[in-house]
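Lettering follows sequence order; numbering is per chain, from 1.
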2 protein chains.
Amino acid sequence: MSTKITLPEAAEKPLDERVRRSRYAVLGATAELLVERGLGGASVDEIVRRSGVAKTTIYRHWSTREDLLRDACRTLSTPLDTPDSGSLEGDLMVLMVRLARLLKSARWPSVLPSIVDAGERDANVAAMQAQHQAGYSEPLAAVIRRAMTRGELPKDTDAAVLVAMLTGALFYRRWFSREPVTDAFAKQVVRRALRSN
Amino acid sequence: MSTKITLPEAAEKPLDERVRRSRYAVLGATAELLVERGLGGASVDEIVRRSGVAKTTIYRHWSTREDLLRDACRTLSTPLDTPDSGSLEGDLMVLMVRLARLLKSARWPSVLPSIVDAGERDANVAAMQAQHQAGYSEPLAAVIRRAMTRGELPKDTDAAVLVAMLTGALFYRRWFSREPVTDAFAKQVVRRALRSN
DNA sequence: ACGATACGATACGGTACCGTACCGTAGCTA
DNA sequence: TAGCTACGGTACGGTACCGTATCGTATCGT
């Protein structure tokens with residue numbers, strides 16, 4: 001009857017040390033493999049080799065390979081918080097430069113194409129990925145909305161269009177044209193997006 | 001000594017009818033599979049099943065699976081020509097709407113994520129893909145350059161930035177945010193990109 | 001009509017992969 | 001310290017895949 005946490009059973013158990021170790025090693029190795037070789041390269045046998053954990057044990061913790069990959073993916077994303085520099089241009093500069101750097105260095109971007117590809121033919125993956133993507137576009141949308149209430153942007157501005165142009169420009173360079181994504185480029189995009197608004 | 005065509009041996013031979021049929025069937029089935037299931041789904045065995053051509057025969061014409069996939073990919077792209085409506089906005093509207101429709105209907109976009117993913121870990125694929133991508137961005141760049149000589153855009157405009165924002169906005173919606181890519185959206189992007197220039 | 005050549009069918013070797021069964025052993029917690 | 005529980009190793013069944021070998025047959029061009 002304790003009304004502590006009626007949500008899921010978050011951290012209920014003390015948790016056997018061996019379990020903790022195994023899970024940690026497996027998730028770590030899986031994340032590495034995802035980054036290096038994408039979804040297709042993260043085979044269970046390879047995870048066994050790299051983590052040093054027996055296949056039997058892996059299947060004691062995750063009932064299927066996909067379960068494991070899902071869990072491992074969650075460890076890869078880098079959250080993006082919402083700045084408040086006082087001006088729209090300032091906020092966008094910060095966010096876009098941060099995004100540009102994430103695209104060059106972070107682990108998630110190197111897995112993303114696999115996910116997008118899988119999503120092309122699997123609605124569950126697509127939904128999960130779109131939701132994850134929203135985590136990155138939301139800060140941009142937030143500073144844009146704030147600028148609208150401030151009067152920095154016209155009230156009828158379509159935030160989604162602006163977000164697509166900003167984020168899209170970076171993504172386009174990273175994966176499609178394969179040109180470098182520099183800080184300077186990110187800043188140019190912001191300046192052009194804000195011309196006379 | 002006939003100076004007809006000194007280039008490669010384009011269409012030199014009469015070509016056995018059986019060969020023509022086999023190649024045609026195999027390339028067709030492969031293209032279908034690429035569109036439906038991506039690179040990974042186009043296995044040789046499946047191509048055999050769908051084309052009705054024996055595996056032996058396939059390997060008589062292509063020495064490896066990758067050779068075959070390369071050939072099949074070439075049949076999938078839809079060329080984009082350069083319009084001349086008289087104004088930059090008109091040209092961009094035409095191009096962007098055309099691109100938006102291609103993204104919804106054409107065959108190539110459904111294979112592209114596979115290619116991008118492969119390119120992430122294979123420089124050859126990456127180069128091929130970037131070159132292919134240039135085929136789509138070049139018309140945009142062309143009308144932009146023309147507008148600069150006309151004085152519709154300042155001389156110091158960076159065409160690459162503009163191209164990335166325009167194309168990127170569409171691609172972003174198609175693959176990352178997974179929101180619809182409508183004609184109206186494409187037009188909004190163009191209008192916003194040209195604000196006060 | 002005939003000879004060269006392309007074809008189909010089948011079988012195979014080798015690899016990689018997923019997931020399970022079994023069994024003996026190590027390590028944690030109480 | 002005693003017993004529960006997680007672990008490692010191996011072996012396995014089943015599938016999918018690539019590419020080759022072999023051999024008899026059909027079809028094309030001349």
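- The residue among Arg60(A) and Ala42(A) whose nearest nucleotide of DNA chain C lies closer to the 5′ end is Ala42(A).
- Between Leu69(A) atom CG and dC18(C) atom P there is a gap of 9 Å when expressed in whole angstrom units.
- Applying the 3.5 Å distance criterion, the base of dG19(D) shares no donor-acceptor pair with the side chain of Thr64(B).
- One finds a side-chain N or O of His61(B) lying less than 4.0 angstrom from the OP1 or OP2 phosphate oxygen of dC7(C).
- In this structure, Phe176(B) and Tyr172(B) have parallel ring planes: the angle between them is below the 30° cut-off, well short of the 60° mark.
- For dG19(D), the base has a donor-acceptor partner in the side chain of Lys55(B) [N/O atoms by modelled type, under 3.5 angstrom].
- Pairing for dC23(C) goes to dG8(D), judged as Watson-Crick or G-U wobble with the two contacts each under 3.5 Å.
- The nearest whole Å value for the distance from the CZ atom in Arg21(A) to the P atom in dA6(D) is 14 Å.
- Just one of Leu39(B), Asp122(B), Leu34(B) meets the side chain to side chain contact (heavy atoms under 4.5 Å, CB included) condition when paired with Ile115(B); it is Leu39(B).
- Closest to the side chain of Arg49(A), from the set dT20(C), dC28(C), dC17(C), is dC17(C).
- A donor-acceptor contact under 3.5 Å links the side chain of Thr56(B) to the base of dA9(C).
- The distance from atom CG of Leu15(B) to atom P of dT30(D) is 12 Å, rounded to the nearest whole Å.
- For Arg65(A), the listed nucleotide lying nearest its side chain is dC18(C); candidates were dC18(C), dT5(C), dG19(D).
- Checking dT30(D) for Watson-Crick or G-U wobble geometry (two distances, each under 3.5 Å) identifies dA1(C) as its partner.
- Side-chain atoms of Ser51(A) do not come within 3.5 Å of backbone N or O of Val26(A) as any donor-acceptor pair.
- Residue contacts shown for Gly40(B) are absent, as no nucleic acid heavy atom lies under 4.0 Å away.
- Between the C1' atom of dC17(D) and the CG atom of Leu68(B) lies a distance of 15 Å, rounded to the nearest Å.
- The listed nucleotides are dC18(C), dG19(D), dA9(C); the one nearest the side chain of Asp45(A) is dC18(C).
- When each of dC18(D), dC7(D), dC7(C) is scored by its nearest atom to the side-chain atoms of Thr57(A), the top-ranked nucleotide is dC7(D).
- Comparing atom distances between the Ser43(A) side chain and each of dC7(C), dC28(D), dC18(C) picks out dC18(C) as nearest.
- Legend: salt bridge (Lys or Arg N to Asp or Glu O under 4.0 Å) pairs involving residues 166-176 of chain A, not counting sequence neighbours, sorted by first then second residue: Arg173(A)-Glu179(A), Arg174(A)-Glu120(B).
- Within the 4.5 Å cutoff, side-chain heavy atoms of Met128(A) are placed close to those of Arg70(A).
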